[in-house]
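In what follows, every heavy atom counts, from backbone to side chain, and hydrogens, waters and symmetry copies are set aside.
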Amino acid sequence: MSAIDTDLTAEVERLRDELAEALNLARRANDRGDIENLFNRYMYLHNAFEDEQIIPLWVKPGTSGIRARYTNAGQYTDYDSVIRYHQGRPRPEGKLILHYTTTPVIEVAADGKTAKGVWIMTGNESGLTDPEVAKDSPDYMYSPGEVQGKKVWAHWVWCKYAVDFLRQDGEWKIWKFRCYELLRAPFEENWISFAEKNQHAFALDLMYFGDDGKPVFMPPADEPVPSEYHPYNPSARQTLEPQPPVPHQTFVETFE
């Protein structure tokens with residue numbers, strides 16, 4: 001083989017390597033966009049009380065490792081118990097939730113099989129509660145006065161989400177879901193004084209407020225939580241939880 005042939009062969013190999021790397025980067029960028037769209041679609045549907053449409057965004061029944069966790073009351077590790085959160089969710093008159101997410105950090109595993117993402121959420125949750133129902137909750141949960149003869153609850157709320165995704169049948173699906181409520185406060189009160197009153201509420205697995213403002217709780221959890229997470233309170237220091245994902249070769253538990 002001549003020197004020219006050797007040089008051409010080396011150049012072809014170099015170009016092949018560059019093309020393979022470019023294709024890999026393009027796939028990972030496309031995956032990242034698909035994952036962000038998937039989670040954003042989740043939030044749009046959740047805000048509109050269209051949770052039944054969220055169910056197909058999850059992995060299919062029988063998928064190993066499925067998990068959802070919202071509070072310290074426990075975690076859900078069975079497909080049916082995870083999906084129950086999205087089934088039969090009511091749409092009461094006067095109820096509004098607006099959760100909008102920011103600051104995503106998304107990392108697709110190098111093997112292309114899984115991905116991780118974290119988001120910060122800010123927004124509001126509000127609705128009307130029958131006065132008889134409201135008697136079962138602390139007065140500080142409600143605003144002064146009534147609207148249409150009902151008590152008003154109108155809260156600012158901040159959360160963090162940590163989600164693991166699984167590529168299944170060629171599409172990205174939600175696999176492991178965790179919500180960390182950071183803080184909340186009624187419209188009329190600051191979050192520091194409210195946190196002092198409300199710091200034990202995270203032990204309750206409240207699912208949502210239904211018709212007439214009645215609280216609806218999750219069914220008993222499948223497993224206890226491996227470690228507790230606590231929202232803001234005036235006597236604690238902030239910690240980096242969840243840890244933003246970093247580049248990784250294959251799936252490893254980081255949000256458990």
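- Shown here for Ala154 and Ser126, the closest heavy-atom pair between the two residues is CA-CB, 3.8 Å.
- Between Gln238 and Tyr232, the closest heavy-atom pair is NE2-CD1, 3.7 Å.
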- Message: Could you walk me through whether Tyr100 and Asn40 satisfy the side-chain contact (heavy atoms from CB on, under 4.5 Å) test, starting with their C-alpha distance in whole Å, then the side-chain angles of each, then the deciding distance to 0.1 Å, before giving a yes or no?
- Response: CA-CA 9 Å; Tyr100 49 96; Asn40 288 344; over 6 Å; no
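- Remark: Asp139 CG is loosely packed, at most 12 non-hydrogen atoms of other residues, nucleotides or ligands lying under 6.0 Å away.
- Glu256 has its side chain within reach of Arg67: a pair of non-hydrogen atoms, C-beta onward, lies under 4.5 Å apart.
- Within 6.0 Å of NZ in Lys197 there are more than 12 heavy atoms belonging to other residues, nucleotides or ligands.
- Using a 4.0 Å cut-off between charged side-chain N and carboxylate O, Lys214 and Asp136 make no salt bridge.
- The shortest heavy-atom contact between Phe209 and Lys95 is O-NZ, 2.8 Å.
- Tyr79 is not listed as a side-chain neighbour of Ser81, based on a closest heavy-atom distance of 4.5 Å or more.
- Side-chain contact check for Gln87 versus Glu52: some heavy-atom pair is nearer than 4.5 Å.
- Here the closest non-hydrogen pair linking Asp111 and Thr250 is OD2-OG1, 2.8 Å.
- Rounding to the nearest 0.5 Å gives a distance of 9.0 Å between CH2 of Trp172 and CG of Asp34.
- Between Val152 and Leu128 the shortest side-chain heavy-atom distance falls below 4.5 Å.
- Distance CD/Gln249 to OG1/Thr114: 10.0 Å, rounded to 0.5 Å.
- Shown are Trp119, Phe39, Tyr180; of these, the ring pair (Phe, Tyr, Trp, His ring centres under 6.0 Å) with Tyr161 is made only by Phe39.
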- Where do Thr254 and Gln243 land on the side-chain hydrogen bond (donor to acceptor under 3.5 Å, both in side chains) test, with the steps shown first? CA-CA 7 Å; Thr254 56; Gln243 293 275 346; over 6 Å; no
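- No continuous path of hydrophobic side-chain contacts links Ile97 to Leu57 [ILVMFWY only; heavy atoms under 4.5 Å].
- Crowding of Gln168 atom CD: a count of heavy atoms from other residues, nucleotides or ligands under 6.0 Å exceeding 12.
- Side-chain contact check for Pro104 versus Arg32: some heavy-atom pair is nearer than 4.5 Å.
- A cation-pi contact links Lys116 to Phe255, judged by a cut-off of 6.0 Å to the six-membered ring centre and 45° from its axis.
- Closest of all the heavy-atom pairs between Gly74 and Arg69 is O-CG, 4.0 Å.
- For an aromatic pair to be called close, the ring centres must be under 6.0 Å apart, and Trp156 with Phe194 fails this.
- Residues Trp175 and Phe165 have side chains not in contact (no heavy-atom distance under 4.5 Å, counting atoms from C-beta outward).
- A salt bridge is defined here as a Lys NZ or Arg NE, NH1 or NH2 lying under 4.0 Å from an Asp or Glu carboxylate O, and Lys176 with Glu253 meets this definition.
- Residues Val108 and Val105 fall into different hydrophobic clusters, defined by Ile, Leu, Val, Met, Phe, Trp and Tyr side chains chained together at heavy-atom separations under 4.5 Å.
- Leu98 contributes atom CG, which lies 9.0 Å from atom OG1 of Thr122 (distance to the nearest 0.5 angstrom).
- Looking only at side-chain heavy atoms (C-beta outward), Glu146 and Pro131 come within less than 4.5 Å of each other.
- Side chains of Asp31 and Arg167 form a contact here, defined as non-hydrogen atoms less than 4.5 Å apart.
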- Intermediate values then yes/no, side-chain contact (heavy atoms from CB on, under 4.5 Å), Thr71 and Leu206: CA-CA 8 Å; Thr71 69; Leu206 178 67; over 6 Å; no
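- Considering every non-hydrogen atom in both Pro215 and Phe217, the closest pair reads CB-CE1, 4.0 Å.
- Contacts of Arg91 classified as side-chain contact (heavy atoms from CB on, under 4.5 Å), with partners at least two apart in sequence or in another chain: Phe49, Glu50.
- Taking the six-membered ring wherever Trp is involved, the centroid distance between the rings of Tyr85 and Tyr76 does not fall below 6.0 Å.
- Taking the six-membered ring where tryptophan is involved, the planes of His99 and His46 are tilted, since the angle between them lies from 30° to 60°.
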